[in-house]
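I have placed the structure first, in the form of structure tokens, so that the comments after it can refer back to it.
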Amino acid sequence: GISAGGLPDGCIQSADIATGTIQSGDIASGVLPAGGKVLQIQSVFGGADAYSTTASTWTVCGSTRTITMSSTSNKILIMACGNLYLDDASSTYPVIEFSVRRTVGASTTNNVTDKAAFYYDARSGAAGRNQEQTPATTLGLDAPNSIAELTYQCEFRYVGMGATNFGVVAPISIVLMEVDVS
């Protein structure tokens, strides 16, 4: 089963993940049809902190999980959580983004979930505010059209200016659900 212990605020707790049939009100309207069935759940909670001092490239962080689909027509419902972190944010508008990437074989696809962003407005404080962080959750419905082993990894990038250290702080979690939407 999925343990909710240690999940950051904003993460979906184990009691929120239904087994069997997904009801139309459980997921945002239009994402999954009523009657979709969860066939398997793969999850990992924890993951190590990941920091960087470079900007703009997606960097793998924390949790990695694999799943092998039972049909090419099924989809993967993805939920990932982490704490976005900025240190010494001396610019006015630093932003860090958090998402999930999929890898199958040698091919990687970034942003198979929405991008959660931590926008930090430093205008209200003195220059060089330190160690700001916020919980972030990202969701996605991926259609990989594959029955090969798929690897999903949390990732982050910095799109602002002025932070000397940034990243994602543990606990970092990822939940993958294979969903039959036929």
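A quick note: this is a predicted structure, and the numbers were derived from the prediction, not measured.
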Q | Student check: side-chain heavy atoms of V60 and F156 closer than 4.5 Å | A | no

(Q) Give me the atom names and distance for the closest heavy-atom approach of V181 to S73. (A) CG2-O, 4.3 Å

Q | Minimum-distance pair of heavy atoms, taken over all atoms of E178 and I76 | A | CA-CD1, 3.9 Å

Q. Are a donor atom and an acceptor atom from the side chains of S173 and S63 found within less than 3.5 Å of each other?
A. no

Q. Between F98 and A80, what is the shortest heavy-atom contact and its length?
A. CE2-O, 3.9 Å

Q | Student check: side-chain heavy atoms of V175 and I41 closer than 4.5 Å | A | yes

**Q.** Nearest-0.5 Å distance, CD1 of residue I147 to OG of residue S70
**A.** 9.0 Å

Q: For residues 144-156, pull every pair meeting salt bridge (charged side-chain N to carboxylate O under 4.0 Å, His left out), keeping only residues two or more places apart or in separate chains.
A: R101-E155

Q. What distance separates I78 CD1 from Y152 OH, expressed to the nearest 0.5 Å?
A. 4.5 Å

Q) T103 and T151: side-chain donor and acceptor closer than 3.5 Å? A) no

Q: Determine, stepwise, if the pair R102 / D142 fulfils salt bridge (Lys or Arg N to Asp or Glu O under 4.0 Å).
A: CA-CA 9 Å; R102 172 184 18 98; D142 190 26; 2.6 Å; yes

(Q) Could you check whether any side-chain N or O of T138 sits under 3.5 Å from a backbone N or O of D114, counting only pairs where one atom can act as donor and the other as acceptor? (A) yes

Q. Nearest heavy-atom pair of V104 and S146: which atoms, and what distance?
A. CG2-OG, 4.1 Å

Q. Are any non-hydrogen side-chain atoms of M177 and M79 less than 4.5 angstrom apart?
A. yes

Q: Output the distance between atom NZ (K75) and atom CG (D180), rounded to the nearest 0.5 Å.
A: 11.0 Å

Q.
To the closest 0.5 Å, what do you measure between CG (N74) and CD (Q40)?
A. 9.0 Å

**Q.** Audit row: K37, V179, side chain to side chain contact (heavy atoms under 4.5 Å, CB included) steps and yes/no
**A.** CA-CA 5 Å; K37 294 189 188 282; V179 181; over 6 Å; no

(Q) As an exercise, state the distance from NZ of K115 to CH2 of W58, rounded to the nearest 0.5 Å. (A) 5.5 Å

Q: Of all the heavy-atom pairs spanning A116 and L84, show the shortest one and how long it is.
A: O-CD1, 4.1 Å

Q: Check side-chain hydrogen bond (donor to acceptor under 3.5 Å, both in side chains) between T66 and all other residues, then give those that pass, not counting sequence neighbours.
A: none

Q. Taking a hydrophobic cluster as the set of Ile, Leu, Val, Met, Phe, Trp and Tyr residues connected by side-chain heavy atoms closer than 4.5 Å, whether directly or through intermediates, do L176 and M69 fall within one such cluster?
A. yes

**Q.** S43 side-chain N/O to I174 backbone N/O, donor-acceptor pair under 3.5 Å
**A.** no

Q.
Check this for me: L39, atom CG, are more than 12 non-hydrogen atoms of other residues, nucleotides or ligands nearer than 6.0 Å?
A. yes

Q: Following the transitive rule for hydrophobic clusters with a side-chain heavy-atom cut-off under 4.5 Å over Ile, Leu, Val, Met, Phe, Trp and Tyr, establish whether L150 and L141 coincide in one cluster.
A: no

